[in-house]
Amino acid sequence: MRRLCLSGLFALAACGGPKAVGPERPSSDELQGVEEHKQGDLTVKTYDINHSGRPDVWDYFKTVPDPKTAKPGLLLIRKEMDLNGDGKVDLWRWYRDDGSIEKEALDLDFDGKVDEIIFFDNKGVPVKKEQALNFDGKPNLWKYYEKGQLVRKERDTKGNGRVDTWEYWEGGKIDRIGIDTDGDGIVDQWIKSPGGG
Ligand SMILES: [Ca+2]
Ligand SMILES: [Ca+2]
Ligand SMILES: [Ca+2]
């Protein structure tokens with residue numbers, strides 16, 4: 001349920017409710033695990049989902065006019081989560097203005113380096129995945145999807161940040177593989193997959 005109250009400095013005055021007597025008494029927002037502050041133009045709401053005493057979810061909002069009332073409202077643009085409770089973010093999720101997820105970045109081994117980024121269309125279907133299979137923060141595999149089906153994998157097998165191998169997929173199978181042997185970014189050798197017909 002959305003609370004209808006002003007944010008920021010006005011929150012205390014506008015969202016009174018039962019007042020806490022002393023500073024040690026938690027406010028109703030803290031009881032719900034929600035805190036709110038400004039970061040530049042953005043409003044940040046933090047949540048302590050696992051009740052550890054420190055935030056594990058951060059929601060970033062921009063202020064936009066509500067289409068119905070034209071009054072300023074908050075629109076979620078990014079969510080960050082600490083999944084293992086070490087205080088560091090492991091999942092970042094970006095949202096489009098229509099509320100759909102644009103992309104999601106994951107630190108799968110909790111070392112602070114992003115290992116996978118997934119890009120979505122506005123219906124929530126993945127269109128691209130970027131993966132750092134060596135967990136060194138450097139992407140070396142890119143997967144491309146059409147209508148949810150894998151159509152191409154691009155690999156950096158030498159770890160120099162440049163794609164040198166292209167796998168084309170059809171109907172869930174590799175159709176052909178192109179390899180750049182001299183490092184100029186252009187395929188020199190094609191391998192036709194036996195399974196590809
Ligand atoms: Ca973490
Ligand atoms: Ca990592
Ligand atoms: Ca080449």
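Numbers for residues simply follow the sequence, beginning at 1.
- Put simply, CG on Leu76 and CZ on Arg93 are 9.5 Å apart, with the number rounded to the nearest 0.5 Å.
- If you chain together hydrophobic residues whose side chains sit under 4.5 Å apart, Met81 and Ile117 never meet in one group.
- To the nearest 0.5 angstrom, Lys147 atom NZ is 12.0 Å from Asp121 atom CG.
- Between the Asp90 side chain and the Leu83 main chain, a donor and an acceptor come within less than 3.5 Å of each other.
- Nearest approach of Asp115 to Leu108, heavy atoms of both residues: OD2-N, 2.6 Å.
- Listed here is the closest heavy atom pair of Lys129 and Tyr145: CD-OH, 3.6 Å.
- Evaluated for a side-chain contact (heavy atoms from CB on, under 4.5 Å) with Asp82, the options Asp107, Leu91, Ile49, Asp56 yield exactly one hit, Asp56.
- One distance of note links CD1 of Ile118 with CD of Glu116; it measures 4.0 Å at 0.5 Å rounding.
- Asp156 places a side-chain N or O within donor-acceptor distance of the main-chain N or O of Gly161, the cut-off being under 3.5 Å.
- Atom CG of Asp184 has more than 12 heavy atoms from other residues, nucleotides or ligands within 6.0 Å.
- Taking each heavy atom of Lys45 and Tyr47 in turn, the nearest pair found is O-CE1, 3.7 Å.
- Electrostatic pairing of Lys79 and Asp59 counts as a salt bridge here, judged by a charged N lying under 4.0 Å from a carboxylate O.
- Between Gly183 and Asp180 the shortest heavy-atom distance is N-OD1, 3.1 Å.
- Interatomic distance, NE2 of His37 versus OG1 of Thr43, reported as 9.5 Å (0.5 Å rounding).
- For the pair Leu106/Glu104, a side-chain contact is recorded, criterion being any heavy-atom separation below 4.5 Å from C-beta on.
- Listed for the Asp188 side chain is a donor-acceptor partner under 3.5 Å among the backbone atoms of Thr181.
- Looking at heavy atoms from C-beta onward, Val187 lies out of side-chain contact with Ile179 at the 4.5 angstrom threshold.
- The side-chain contact (heavy atoms from CB on, under 4.5 Å) with Arg176 is formed by just one residue from the set Tyr168, Trp166, Trp169; it is Tyr168.
- By the 4.5 Å heavy-atom criterion applied to side chains, Trp142 and Lys128 are counted as neighbours.
- In this structure, Tyr95 and Leu75 have side chains that are not in contact, with every pair of non-hydrogen atoms separated by 4.5 Å or more.
- Rounding to the nearest 0.5 Å places CZ of Phe110 at 8.0 Å from CG of Asp86.
- How far CZ of Arg78 is from NZ of Lys103: 10.0 Å, rounded to the nearest 0.5 Å.
- Val64 and Leu42 sit in two unconnected hydrophobic clusters of ILVMFWY residues. Membership requires side-chain heavy atoms under 4.5 Å apart, directly or through other members.
- No chain of hydrophobic side-chain contacts below 4.5 Å, direct or via other Ile, Leu, Val, Met, Phe, Trp or Tyr residues, connects Tyr60 to Ile101.
- When every heavy atom of Thr46 is checked against every heavy atom of Pro55, the shortest pair comes out as CB-CB, 3.8 Å.
- A 4.5 Å side-chain heavy-atom check between Thr165 and Ile177 finds at least one atom pair inside the cut-off.
- Between Lys62 and Asp97, some side-chain heavy-atom pair lies under the 4.5 Å cut-off.
- Two residues are said to be in side-chain contact when any heavy atoms from C-beta on lie closer than 4.5 Å; Asp175 and Lys192 meet this criterion.
- Residue Tyr144 is grouped with residue Val163 when hydrophobic side chains (ILVMFWY) are merged at heavy-atom distances under 4.5 angstrom, including chains of intermediate members.
- By the rule that hydrophobic residues join a cluster once side-chain heavy atoms approach within less than 4.5 Å of another member, Trp94 and Leu74 end up as members of separate clusters.
- Across Gly85 and Asn50, no two heavy atoms sit closer than the pair CA-ND2, 4.4 Å.
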